[in-house]
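Since this is a predicted model, take the numbers as computed values, not measurements. Reckoned from all heavy atoms, side chains included, excluding hydrogens, waters and symmetry mates.
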Amino acid sequence: SINELFSRSQIVITIDEHLKLLRNIHLSTSTFFVLEFMLALAASSLTFLFTYSFNLSFSAFFFAPVIPLVLLRFNKHMYVQKFVMNFPDALTMMRNAVKTGQGVQSAFKMVSEEGPYPVNFEFERVVQEIDLGAHIVEALENLYLRIRTVDMRLFRLGIVIQMDVGGNLSDLFENIANTIRERISLNRETKALTSQAKASGTLRILLPLILSLVVNLINPGFFDPLFTTETGKKLLLISMGLLSVGSILIIKIVQGPKI
């Protein structure tokens, strides 16, 4: 049926996973899409009310719903970053649990109950999947699909190899924790070294917009030909395109290497 196809869509599944990460906000995917449609109508109506332009109103109808999607993606990025920051402490808890003779599942359960957020939330889902009959490898694979980081991939592979051929789990947890801490330290040093370049790049991106506003305040109507003539509109589109390409290049240049 249509509902089944809708629920199995990859976009819907991705949005549903993003919505689950919102703390203190409980939204179903269907409710989210209804709110998106209402936002599109509201933005389109308000744009037409203030501009009397069908073109701008039509554009607002399609661009306004993009804002919540961008915010959801940003929230997911911050969620993963917070997970990475707290994951070493969780690994230390697992190492201590294994050293005392507890099994892997018991270590997971300890992290789900006592670990820092959002690591505890993710391992609570892992424990729930295992309790419902999923194999531990399958539960870890689902965790990796939610938290796609190099450290999580290493953690998952380490557990799988240990289950197949054996090995010292406490050493595995300790080594991964030390690796993550070293990477976090190097990332902080890199950000400190590239902070001046990033500030300079941001200024270069914003400078054309700031100068345009200043010139328009000093001489109102100076930029009117850009909006009222066909040649001006074409030049405006070209300049916006070049500004966008330049901004992307500047961001890529000043962005520090990923470690």
Side-chain angles (χ1 to χ4, degrees), residues 10-11 13-27 29 32 68-98 102-132 134-163 169-192 255-259:
Q10 187 59 45
I11 297 176
I13 293 173
T14 302
I15 292 176
D16 184 58
E17 285 295 329
H18 283 41
L19 290 173
K20 289 179 181 178
L21 305 182
L22 297 176
R23 302 189 71 180
N24 304 321
I25 300 177
H26 303 286
L27 276 178
T29 311
F32 176 78
L69 296 176
V70 172
L71 293 177
L72 281 178
R73 187 175 179 83
F74 176 75
N75 181 70
K76 174 65 181 295
H77 173 75
M78 297 303 295
Y79 181 89
V80 172
Q81 292 300 312
K82 193 170 184 179
F83 182 97
V84 171
M85 295 292 291
N86 291 321
F87 194 38
D89 295 333
L91 288 169
T92 301
M93 294 177 61
M94 292 185 213
R95 183 200 63 183
N96 295 335
V98 171
Q102 299 185 48
V104 177
Q105 292 180 225
S106 298
F108 289 173
K109 189 170 184 181
M110 178 184 292
V111 171
S112 70
E113 294 174 350
E114 304 175 14
Y117 181 85
V119 182
N120 61 341
F121 175 72
E122 289 298 333
F123 275 88
E124 182 180 356
R125 296 179 67 177
V126 172
V127 172
Q128 288 175 353
E129 290 178 13
I130 295 173
D131 290 341
L132 291 173
H135 193 273
I136 185 172
V137 175
E138 182 183 352
L140 290 176
E141 177 66 23
N142 292 334
L143 174 60
Y144 173 67
L145 292 176
R146 296 192 298 270
I147 309 293
R148 288 182 175 272
T149 64
V150 175
D151 304 310
M152 182 52 60
R153 182 172 179 269
L154 182 63
F155 173 77
R156 177 179 62 90
L157 289 175
I159 296 290
V160 172
I161 293 172
Q162 189 274 340
M163 292 182 65
L169 266 181
S170 61
D171 288 345
L172 171 68
F173 293 150
E174 184 176 7
N175 290 335
I176 296 176
N178 291 336
T179 300
I180 297 174
R181 289 191 177 103
E182 290 176 4
R183 184 180 290 113
I184 291 173
S185 178
L186 286 173
N187 276 328
R188 286 174 177 170
E189 292 179 10
T190 303
K191 286 181 179 179
Q255 195 174 36
K258 293 184 179 180
I259 299 173

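Taking CD1 of Ile130 as the reference point, atom NE2 of His135 lies at 9.0 Å (rounded to 0.5 Å). Of the inter-residue distances, the one linking Asp131 atom CG with Glu124 atom CD reads 10.5 Å to the nearest 0.5 angstrom. Met93 CE to Phe123 CZ: the interatomic distance, rounded to the nearest 0.5 Å, is 10.5 Å. Note that CG of Asn142 is 12.0 Å distant from CD1 of Ile147, once rounded to the nearest 0.5 Å. For the atom pair CD1 of Ile176 and OG1 of Thr92, the computed distance is 11.0 Å after rounding to the nearest 0.5 Å. Here Phe173 contributes atom CZ and Asp171 contributes atom CG; the two are 11.0 Å apart, rounded to the nearest 0.5 Å.
Here the side chains of Arg146 and Phe83 are not in contact, with every heavy-atom distance at 4.5 Å or above. Contact of the Glu129 side chain with the Glu138 side chain is not registered, since no non-hydrogen atoms from C-beta on lie closer than 4.5 Å. A 4.5 Å side-chain heavy-atom check between His77 and Gln81 finds at least one atom pair inside the cut-off. With contacts defined as side-chain heavy-atom distances shorter than 4.5 Å, the pair Val111/Phe87 does not qualify. Residues Leu143 and Arg125 are not in side-chain contact: their nearest non-hydrogen atoms beyond the backbone lie 4.5 Å or more apart. Arg181 is listed as a side-chain neighbour of Asp89, based on a closest heavy-atom distance under 4.5 Å.
What you find for Val119 and Ala90 is that their closest heavy atoms are CG1-CB, 3.5 Å. Minimum heavy-atom separation, Pro88 to Ile180: CG-CG2, 3.5 Å. Leu145 and Arg148 get closest at one heavy-atom pair: CD2-NH2, 2.9 Å. In terms of heavy-atom proximity, Lys82 sits nearest to Pro118 at CG-CD, 3.7 Å.
Remark: the backbone N or O of Lys109 is paired with a side-chain donor or acceptor of Ser112 at under 3.5 angstrom. Looking at Asn75, its side chain never comes within 3.5 Å of a backbone N or O of Leu71 through a donor-acceptor pair.
Taking the six-membered ring where tryptophan is involved, the planes of Phe121 and Tyr79 are perpendicular, since the angle between them exceeds 60° and thus also 30°.
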Show me the side-chain donor-acceptor pairs of residues 150-160 shorter than 3.5 Å, one per line, residues at least two apart or across chains.
from, atom 1, to, atom 2, distance (Å)
Asp151, OD1, Arg183, NH1, 2.4
Asp151, OD2, Arg183, NH1, 3.1
Arg156, NH1, Glu141, OE1, 2.9

